[in-house]
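Here is the naming used below: chain letters follow the sequence lines, and residue numbers restart at 1 for every chain. Side chains included, hydrogens not; waters and symmetry mates left out as well; all remaining heavy atoms used.
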There are 2 protein chains.
Amino acid sequence: MLAFEEYLKEKGLKITNQRLLVAQKIFSSHNHFTAEGLLDELKDNKDRISKATIYRILAIMVEAGLLEEHDFGKDYKYYEHIIGHEHHDHIICMQCGRIVEFIDERIEELQNKAASENGFTITGHSLNIFGNCLNFATCEHKNKK
Amino acid sequence: MLAFEEYLKEKGLKITNQRLLVAQKIFSSHNHFTAEGLLDELKDNKDRISKATIYRILAIMVEAGLLEEHDFGKDYKYYEHIIGHEHHDHIICMQCGRIVEFIDERIEELQNKAASENGFTITGHSLNIFGNCLNFATCEHKNKK
DNA sequence: GTTTGTGCAAATCATTTGCACCGCG
DNA sequence: CGCGGTGCAAATGATTTGCACAAAC
């Protein structure tokens, strides 16, 4: 059973077609997506779903710890599911929008060190590297959502 | 003369009271501020300045490379001037909003390494650590802008 | 049957923009 | 003067919300 379904039951929330639809879509792959993009992908589906509902479901999933919200410098948010995915940081191509994940334990450690040296207890962090990937396959289309 | 004034002349832009006022305010200290906050601080000034003008001036300063725009996870932007300030990253207290700057050359290097290993040319990066500072002096007021 | 969820359209909120007037150069 | 700059109010665009209806339990 989907982890999201479990969460809904736990919390006494209802299991609706829309919620299952969104969950299936999101957990079927590991992409970085936007609310708008998700809406588009579900548009042609038999079960219509509204933008408001998308946002409401995404909020629940973030609350549930199943989804992570990212700010990549655009004026809309990106999401990615984190089931079966270790924490990682991102490199974003400013040309084509391609997003590459990476993780460097040494950076993680140095961040922890920086925080504690300054008297902070870490609750989270966000490290985004912006650049150009010059990847033939993807970098031809600019400003993909 | 203010660096901003030089920039304006260079570009053939006009030197107005509003522009000087904003520049003096911003460069008189090194704080992280918001457009709204800046407007408040300049409200009681003899020369009134409108919100639209604030935004327009901030955009010019960012373009001029005198100001940096930050996204700290709120729904409004933070700015800081970078004259005489080396690049640095930020630690933000989620309780009181206090912002501490730090720099770790090892992290910088590891970022460059991660980018090039993934075939990216770096154009910029943003590293924000979120946490709690538990600082008596500041951490009593929550959600400061 | 209740209570919670959904769709729609209207509301929000930071930021941007159109336009008529103002002031720097 | 002439054109860029400013203020105001209206526009924008992502996200949120109120409300009446629909669906889950």
_Atom-to-atom span, CG of A/Leu21 to P of C/dG5 - whole angstrom_ = 17 Å

*State whether the distance check finds a donor on one side and an acceptor on the other, under 3.5 Å, for side chain B/Arg56 versus base D/dG4.*
no

*Would one find more than 12 heavy atoms of other residues, nucleotides or ligands at under 6.0 Å from atom CD of A/Glu63?*
no

_B/Tyr76 OH to C/dT16 P, straight-line distance once rounded to whole Å_ = 16 Å

_Under 3.5 Å side-chain donor-acceptor pair for B/His30 and B/Glu101_ = yes

_Distance check needed: D/dG5 P versus B/Asn17 CG, whole Å only._
14 Å

*Among C/dG5, C/dC24, D/dT6, which nucleotide sits nearest the side chain of B/Thr53?*
D/dT6

*Look only at the side chain of B/Thr34 and the backbone of B/Lys77, and say whether a donor-acceptor pair between them is shorter than 3.5 Å.*
no

*Think B/Arg48 has a side-chain N or O under 4.0 angstrom from the OP1 or OP2 of D/dG7?*
no

*Between C/dC24, D/dT17, C/dA14, which nucleotide has the shortest distance from any of its atoms to the side chain of B/Tyr55?*
C/dA14

*Nearest whole angstrom, please: distance from the C1' of D/dG7 to the CG of B/Leu39.*
12 Å

*State whether A/Gln18 places a side-chain N or O below 4.0 Å from either non-bridging phosphate oxygen (OP1 or OP2) of C/dG7.*
yes

*asked:* Looking only at side-chain N and O atoms, does A/Glu108 offer a donor or acceptor that is under 3.5 Å from a partner on A/His88?
replied: no

*Residue A/Ile15, side-chain heavy atoms: nucleotide from D/dG7, D/dC25, D/dG5 that is nearest*: D/dC25

*Write down the distance between CD1 (B/Ile60) and P (C/dT17), rounded to a whole number of angstrom.*
13 Å

*Less than 3.5 Å between a donor and an acceptor, one on the side chain of B/Lys51 and one on the base of C/dT15, is that the case here?*
no

*To the side chain of A/Leu13, which of C/dG5, C/dG7, C/dT15 is closest?*
C/dG5

_If I take atom CD1 in residue B/Ile54 and atom P in nucleotide D/dC8, what distance separates them, rounded to the nearest angstrom?_
13 Å

_Proximity to the side chain of A/Asp75 - top-ranked nucleotide from D/dA14, C/dT6, D/dT6_ = D/dA14

*Calculate the interatomic distance between B/Ile49 atom CD1 and C/dG23 atom C1'; express it in whole Å.*
15 Å

_What's the closest nucleotide to the side chain of B/Ala35 if the choices are C/dT15, D/dT6, C/dT6?_
C/dT15

*Using atom NZ of A/Lys9 as one end and atom C1' of D/dA24 as the other, report the distance to the nearest whole Å.*
12 Å

*asked:* Quick check: on DNA chain D, is the nucleotide nearest A/Lys77 upstream (toward 5') of the one nearest B/Lys14, or the reverse? Name the residue that is more 5'.
replied: B/Lys14

_Show the nearest heavy-atom pair for residues B/Gln111 and B/Leu127, with the distance to one decimal._
NE2-CD2, 4.2 Å

_Both B/Ala59 and B/Thr16 contact DNA chain C. Taking the nearest nucleotide for each, which residue is further toward the 5' end?_
B/Ala59

